[in-house]
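Input: a single structure, listed below in structure tokens.
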Amino acid sequence: MRSMSDDHTRVQEFFAARAADWERRFPDDGPAYQAAVAELGLRPGDRVLDAGCGTGRALPPLRAAVGPSGVVIGADLTPEMLHEAVRRGRDRDGALLLADVTALPLRSGSLDAVFGAGLIAHLPRPAENLRELARVVRPGGVLALFHPVGRAALAARQGRQITPDDLRAESRLRPLLAGSGWRMTSYADRDDRFLALAVRTP
């Protein structure tokens, strides 16, 4: 059986090798991030986490949404990704945290929202890991699971077929979230975007 540290090492190695070139590979994703952040319904003064923030592409729209009085945190497991975020000046939009989103160094109920781009495919124990994200969000807070292309487009990009066990399928994701402290409120899987929104249950 794979250990959690094996999973972490595999994820770190995957992203470390791609960090410097990440945004050149996907140069047109910025507007999709902005549109997805807009659907979180953030207000000035809110506290939001970008879980698995990578190069910090979501941090500028998150900062714009919560304003100067809000709190924006970007957490990632891979130092090279955070280095790239700093190189691009995104540390000005949020505090960058070298941290594992499966065991966050944050107080329970301390956040209003979590944004996770491309996150779910890299969670080693999805139910348990989504429960950890629920722990740090107040009841009524929001989770966005996002990808700048839909499931079919992503599968084609990766040279694979969509399989029935895909965690992003609505039939899989809805009960997974429900068992982890979340209630799905909307689901969109189009060529140009995947976005599932959920509310933290009491």
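Everything numeric here is computed off the predicted structure, so don't read it as measured data.
- Checked against side-chain hydrogen bond (donor to acceptor under 3.5 Å, both in side chains), R190 has the following partners two or more places apart in sequence or in another chain: D192.
- Residues P44 and V66 fail the side-chain proximity criterion, which asks for heavy atoms closer than 4.5 Å.
- Side-chain atoms of R193 never come within 3.5 Å of backbone atoms of A188 as a donor-acceptor pair (strictly under, hydrogens ignored).
- Looking at C53 and I73, their side chains never come closer than 4.5 Å, going by heavy atoms from C-beta outward.
- In this structure a side-chain-to-backbone donor-acceptor pair under 3.5 Å is missing from T55 to M81.
- Residues passing the side-chain hydrogen bond (donor to acceptor under 3.5 Å, both in side chains) test with S108 are R135, sequence neighbours excluded.
- Side-chain atoms of Y187 never come within 3.5 Å of backbone atoms of A196 as a donor-acceptor pair (strictly under, hydrogens ignored).
- Taking the salt bridge (charged side-chain N to carboxylate O under 4.0 Å, His left out) definition, one finds that D91 meets it with nothing, sequence neighbours left out.
- Applying the side chain to side chain contact (heavy atoms under 4.5 Å, CB included) criterion to Q34, with sequence neighbours excluded, gives P61.
- The closest donor-acceptor contact from the side chain of R88 to the backbone of H83 lies at 3.5 Å or more, if one exists at all.
- Without hydrogens or angle criteria, S180 side chain to A127 main chain gives a donor-acceptor distance under 3.5 Å.
- Contact of the L176 side chain with the L130 side chain is registered, since non-hydrogen atoms from C-beta on lie closer than 4.5 Å.
- Two residues are said to be in side-chain contact when any heavy atoms from C-beta on lie closer than 4.5 Å; V142 and R200 fail this criterion.
- Checked against side-chain hydrogen bond (donor to acceptor under 3.5 Å, both in side chains), D166 has the following partners two or more places apart in sequence or in another chain: R151.
- By the side-chain hydrogen bond (donor to acceptor under 3.5 Å, both in side chains) test, R107 is found to be paired with no residue, residues two or more places apart in sequence or in another chain being considered.
- Contact detail for G150 and D189: the closest heavy-atom pair is CA-OD1, 3.3 Å.
- With hydrogens and angles ignored, the 3.5 Å screen pairs a side-chain donor or acceptor of D76 with a backbone N or O of G54.
- Scanning both residues, A121 and R168, for their nearest heavy atoms gives CB-NH1, 3.6 Å.
- The shortest non-hydrogen separation linking L177 to A198 is CD1-CB, 4.2 Å.
- Annotation: side chain of M184 is not in contact with side chain of L197 (no heavy-atom distance under 4.5 Å).
- Hydrophobic clustering (side-chain heavy atoms under 4.5 Å, transitive across Ile, Leu, Val, Met, Phe, Trp, Tyr) keeps L119 apart from L62.
- Taking each heavy atom of L97 and P105 in turn, the nearest pair found is CD2-CG, 4.0 Å.
- L195 has its side chain out of reach of S186: every pair of non-hydrogen atoms, C-beta onward, lies at least 4.5 Å apart.
- For the residue pair G52 and V101, the shortest heavy atom distance occurs at N-CG1, 3.5 Å.
- The hydrophobic cluster containing L106 also contains W182, counting ILVMFWY residues as joined when their side-chain heavy atoms lie under 4.5 angstrom apart, directly or transitively.
- Take F146 and apply the ring pair (Phe, Tyr, Trp, His ring centres under 6.0 Å) test, not counting sequence neighbours, and it matches Y33, F115.
- Remark: R131 pairs with no residue by the salt bridge (charged side-chain N to carboxylate O under 4.0 Å, His left out) rule, at least two apart or across chains.
- By the 4.5 Å heavy-atom criterion applied to side chains, V72 and D50 are not counted as neighbours.
- Looking at every heavy atom in both residues, L96 comes nearest to A85 through CD1-CB, 4.0 Å.
- For the pairing with L49, the side-chain contact (heavy atoms from CB on, under 4.5 Å) check across V137, L143, L111 returns one residue only, L111.
- Note that the CG atom of L123 and the CG atom of N129 stand 5.0 Å from one another [nearest 0.5 Å].
- Linking ILVMFWY residues whenever their side-chain heavy atoms come closer than 4.5 Å, directly or via other members, leaves L77 and V136 in distinct clusters.
- Looking at residues two or more places apart in sequence or on another chain, you find a salt bridge (charged side-chain N to carboxylate O under 4.0 Å, His left out) between R138 and D112.
- Other residues sharing the hydrophobic cluster of V199, ordered by chain and number and joined by side-chain separations under 4.5 Å: none, the residue standing alone.
- Cluster partners of L154, using a side-chain heavy-atom cutoff of under 4.5 Å among ILVMFWY residues and allowing indirect links, are V149.
- The side-chain heavy atoms of R90 and R57, taken from C-beta on, include a pair separated by under 4.5 Å.
- With sequence neighbours left out, A155 forms a side chain to side chain contact (heavy atoms under 4.5 Å, CB included) with R160, I162.
- Hydrophobic clustering places V71 together with L104 (ILVMFWY residues linked when any side-chain heavy atoms are closer than 4.5 Å, directly or through intermediates).
- L145 pairs with exactly one of L133, V114, I120 by the side-chain contact (heavy atoms from CB on, under 4.5 Å) rule, that one being I120.
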